[in-house]
Amino acid sequence: MKTDDFTIRVYTLLHAIPAGRVTSYGGLAAMAGHAGRARMVGAILRRLPPGSHLPWHRVVTASGKPAFPAGSDAFNQQKGLLEAEGVVFAGARVNLKVFGWQP
DNA sequence: TAATTGACCGGAG
DNA sequence: ACTCCGGCCAATT
C-alpha cells in the first residue's frame, strides 16, 4: 500500500513551513496541486499517523482562525504554540497578510 | 451499499 | 460582521 501523492505533498509542505508562519488548509491543498480539496487536508491532519511530528498548529482556516471553536482545548493549544513561535493573534485571529506563508 | 460527516472555502443575501 | 448554501471527496456509520 502506497500513501497518496497528495498526502505526501501535504506532509512535505507542512514540514517546510518555517516557525512563526502559518498557512491555510485551502492554500496547502493548492500548493499540493489539488486546489479545492481543503477538507481533505483537514481530514489528513485530523487522522495524523501515529509517530509523525507534523506541525499541525501552523495550519489555520482561510479566515486566519484555528479550525476549532474558540475556547476549546485544541484551540488554546494551537494558539499557545503559535504565539511561542512569534505569531501574533489579533483576538482569535491571525493576520495572514503578515504571517501567511507560501513557497 | 447508501447516507452522513467533516481540523474547509468563497460567494451571496 | 454574520448566516446560509453549494461544491469538494475520503472516512465512518
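Labels below follow one simple rule: chain letters A, B, ... track the order of the sequence lines, proteins then strands, and each chain is numbered from 1.
- Counting only distance, with no hydrogens or angles, the side chain of A:Ser63 and the backbone of A:Lys65 share no donor-acceptor pair below 3.5 Å.
- Other residues sharing the hydrophobic cluster of A:Met31, ordered by chain and number and joined by side-chain separations under 4.5 Å: A:Phe6, A:Val10, A:Tyr11, A:Leu13, A:Leu14, A:Ile17, A:Tyr25, A:Leu28, A:Met40, A:Val41, A:Ile44, A:Leu45, A:Leu48, A:Leu54, A:Trp56, A:Val59, A:Phe68, A:Phe75, A:Trp101.
- Annotation: side chain of A:Thr23 is not in contact with side chain of A:Val60 (no heavy-atom distance under 4.5 Å).
- Heavy-atom contacts from other residues, nucleotides or ligands closer than 6.0 Å to CD of A:Glu83 number more than 12.
- Residue pairs meeting the salt bridge (Lys or Arg N to Asp or Glu O under 4.0 Å) criterion with at least one partner in residues 91-103 of chain A, sequence neighbours excluded, do not occur; the list is empty.
- Pairs passing the side chain to side chain donor-acceptor pair (under 3.5 Å) check and including a residue from residues 68-77 of chain A, sequence neighbours excluded, do not occur.
- Listed by residue number, A:Ala67, A:Phe68 are the residues of residues 67-94 of chain A with a heavy-atom contact under 4.0 Å to DNA chain B.
- Residues passing the salt bridge (Lys or Arg N to Asp or Glu O under 4.0 Å) test with A:Glu85 are A:Arg58, sequence neighbours excluded.
- Put simply, the side chain of A:Asn95 does not reach to within 4.5 Å of the side chain of A:Val88, judged on heavy atoms.
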Expected rows: protein N/O vs nucleotides 9-12 of chain B N/O, under 3.5 Å:
{"from": "B:dC9", "atom 1": "OP1", "to": "A:Gly26", "atom 2": "N", "distance (Å)": "3.3"}
{"from": "B:dC9", "atom 1": "OP1", "to": "A:Ala62", "atom 2": "N", "distance (Å)": "3.0"}
{"from": "B:dC9", "atom 1": "OP2", "to": "A:Ala62", "atom 2": "N", "distance (Å)": "2.8"}

Could you run through nucleotides 3-13 of chain C and give me one letter per nucleotide, 5' to 3': B if any protein heavy atom sits under 4.0 Å from the base, S if only the sugar-phosphate is that close, - if neither? ----BBBSSS-
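- Through side-chain heavy atoms spaced under 4.5 Å, either directly or across other Ile, Leu, Val, Met, Phe, Trp or Tyr residues, A:Leu81 is tied to no other residue.
- Listed by first then second residue, pairs satisfying salt bridge (Lys or Arg N to Asp or Glu O under 4.0 Å) with a partner in residues 29-46 of chain A number zero, not counting sequence neighbours.
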